[in-house]
Amino acid sequence: MVTNTVLASRHVDEFRKIVGEQYVLIDEESLQHYSHDETEDLHYLPEVVIKPRTAQEISAIMKICNKAKIPVTPRGAGTGLSGGALPHLGGVLLSMERMNSILEIDERNLQVTTEPAVITEVLQNTVREKNLFYPPDPGSRGSCFIGGNISENSGGPKAVKYGVVKDYVLNLELVLPDGEIIWTGANVLKNATGYNLTQLVVGSEGTLGIVTKIVLRLIPHPKHDLLMLVPFKSAENACAAVGAIFRAGYTPSALEFMERDALEWVSQFVSGSTIKIEEEVQAHLLVEVDGNDVDVLAKEIEGIAEIIQGFDCGEILFADNAQQKAELWKLRRRVAEAVRANSIYKEEDTVVPRAELPVLLKGVKDIGKRYGFHSVCYGHAGDGNLHVNIIKGDLTDEQWNGSLKDGIREIFALVKELGGTLSGEHGVGLVQKEYMNIVFNETQIRLMREIKKIFDPNNILNAGKIFDI
Ligand code: 2HG
Ligand code: ZN
């Protein structure tokens with residue numbers, strides 16, 4: 001076994017005693033498998049992969065790693081887009097995949113307690129059977145784990161009406177880097193009791209502790225939804241329509257933006273797509289409303305359509321059956337995959353106050369022209385959250401690894417100027433940390449480092465993510 005760190009064969013033997021032989025992997029194929037997530041084309045080999053089943057096992061593993069100062073990288077399903085689960089320092093890759101049980105649905109209090117490796121969509125479908133709703137729905141909800149969603153404070157299309165992961169997390173069981181196991185809060189809807197450790201852990205990208213149990217609040221599931229796809233000749237107009245919808249008093253349950261290329265690429269990528277894109281169309285909005293009264297929803301969607309018509313849109317497609325709705329959502333949800341399949345790309349998860357979206361989009365395109373890159377933009381327009389996919393295309397490796405970084409810095413400088421920040425839902429991880437100084441000053445970053453130090457004085461847990469070691 002090659003070791004970059006202090007990890008030695010005796011440690012591996014100890015891990016085997018804790019979790020069992022078959023759950024400690026050091027063969028080349030396994031190490032390769034866990035060397036990457038969905039972030040760009042990055043690979044880092046761990047030295048050992050461990051698959052624990054309980055918080056107690058993780059605690060025992062962490063005690064060993066903390067004493068020997070072995071780097072530990074926790075990993076959910078590996079669907080992350082900022083490199084949070086990349087074991088860039090070698091050491092232990094802690095795969096949570098076996099901790100995959102939903103422990104309790106509390107129908108009296110509308111809460112669910114779950115382990116972290118439950119697939120988000122499985123959790124949603126399970127609570128749905130009881131007419132309950134867990135809204136956060138990242139694009140990868142069919143494969144990502146709820147624990148990973150907690151680490152990244154994920155969002156998804158429904159966030160515009162229902163909020164993101166942080167709005168549903170009530171309490172977390174956490175294994176600290178030194179192996180101690182704590183609960184962060186209480187299973188209550190209001191809590192004004194001391195610092196909010198729960199919310200500190202949400203979005204901390206696996207740097208403060210390892211989440212082993214999660215208590216989420218649920219809401220009643222809305223009975224109906226209506227969906228429409230609206231084409232625009234001008235992408236900027238599509239973005240401008242977004243702010244107008246909210247100003248007119250509507251809150252759609254989803255308001256998604258897709259540039260022409262995004263919808264075109266995904267239509268080609270997903271077989272059997274029936275969506276026709278007219279030649280002059282440059283962008284689409286996908287707009288959904290939901291609630292319990294269909295007549296009210298019909299009025300709402302008509303009202304929204306009326307507002308949108310003031311922005312020079314084309315013919316609106318009202319999805320009038322479940323199959324058509326499913327197709328439109330499938331297309332939207334698979335854009336990221338389609339882009340990935342099309343080209344090497346870098347994904348920036350920009351977010352600005354909603355009304356600034358048209359300025360951001362124009363700015364991204366202008367910067368692209370100056371630096372010679374093509375971008376495919378799409379995302380959660382209702383949240384001002386624009387995924388900017390920079391396509392490698394004809395750029396040389398030199399440009400890709402060199403001057404492009406200046407272009408990306410310019411995009412983030414614009415985002416900052418517009419009152420926004422680096423990431424709305426994909427996190428900072430490994431790939432965005434070099435841009436943190438655009439949106440935070442030294443004092444702010446020092447505070448974050450100090451917090452990290454209190455939880456993890458030996459800096460063993462996902463070190464070098466969010467900010468440098
Ligand atoms: C999206 O909006 C997602 O499509 C892409 O943010 C990331 O795979 C994902 O969930
Ligand atoms: Zn997204």
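Counting starts at 1 for both ligands and their atoms, in listed order. Throughout, numbering of the chain's residues begins at 1 and tracks the sequence.
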> Looking only at heavy atoms of His426, does any of them come nearer than 4.0 Å to an atom of ligand 1?
Replying inline: yes
> Does one side chain, of Glu425 or Ser154, offer a donor that lies under 3.5 Å from an acceptor on the other?
Replying inline: no
> Does Arg75 use its side chain to pair, donor to acceptor, with the backbone of Gly148 at less than 3.5 Å?
Replying inline: no
> How far is atom 2 (O) of ligand 1 from its nearest protein heavy atom, and which residue and atom is that?
Replying inline: Arg332 NH2, 2.7 Å
>> What protein heavy atom lies closest to atom 7 (C) of ligand 1? Include the residue and the distance to one decimal.
In response: Leu81 CD1, 3.1 Å
>> If the threshold is 4.0 Å, N to carboxylate O, is there a salt bridge linking Lys158 and Glu288?
In response: yes
> In the protein, which heavy atom is nearest to atom 8 (O) of ligand 1, and how far is it?
Replying inline: Ser140 CB, 3.5 Å
>> Restricting to N, O or S, what is the name of the atom of Glu425 that lies nearest the Zn ion (ligand 2)?
In response: OE2
>> Side chains of Asn437 and Arg409: any donor to acceptor distance under 3.5 Å?
In response: yes
>> Is the terminal nitrogen or CZ of Arg354 (NZ for Lys, CZ for Arg) located under 6.0 angstrom from the six-membered ring centre of Phe246 and within 45° of that ring's axis?
In response: yes
>> A cation-pi test, strictly: NZ or CZ of Arg340 under 6.0 Å from the centre of the six-membered ring of Tyr345 and no more than 45 degrees from its axis. Yes or no?
In response: no
> Quick one: angle His387 NE2 - the Zn ion (ligand 2) - His380 NE2, to the nearest 10°?
Replying inline: 100°
> Below 4.0 Å from any atom of ligand 1, is there a heavy atom belonging to Glu337?
Replying inline: no
>> Any N/O/S atom from His426 (main chain or side chain) under 2.8 Å of the Zn ion (ligand 2)?
In response: no
>> For a quick check under 3.5 Å, do Ser95 and Glu97 share a side-chain donor-acceptor pair by atom type?
In response: yes
> Would one find an N or O of His380, backbone or side chain, under 3.5 Å from an N or O of ligand 1?
Replying inline: yes
>> For the residue pair Arg333 and Trp329, would you count it as a cation-pi contact if the rule is NZ or CZ under 6.0 angstrom from the ring centre and within 45 degrees of the ring axis?
In response: yes
>> Taking 2.8 Å as the cut-off, does Asp349 contribute an N, O or S atom near the Zn ion (ligand 2), distance below it?
In response: no
> Relative to the heavy atoms of His387, which atoms of ligand 1 are at a distance of less than 4.0 Å?
Replying inline: 1 (C), 2 (O), 3 (C), 6 (O)
>> Taking 4.0 Å as the limit for heavy-atom contacts, which would you say applies to Glu425 with ligand 1: side chain only, backbone only, both, or neither?
In response: side chain
> Considering distance alone, does some N or O of Gly139 sit under 3.5 Å from an N or O of ligand 1?
Replying inline: yes
> Angle class for the Tyr44/His88 ring planes (parallel below 30°, perpendicular above 60°, tilted otherwise)?
Replying inline: perpendicular
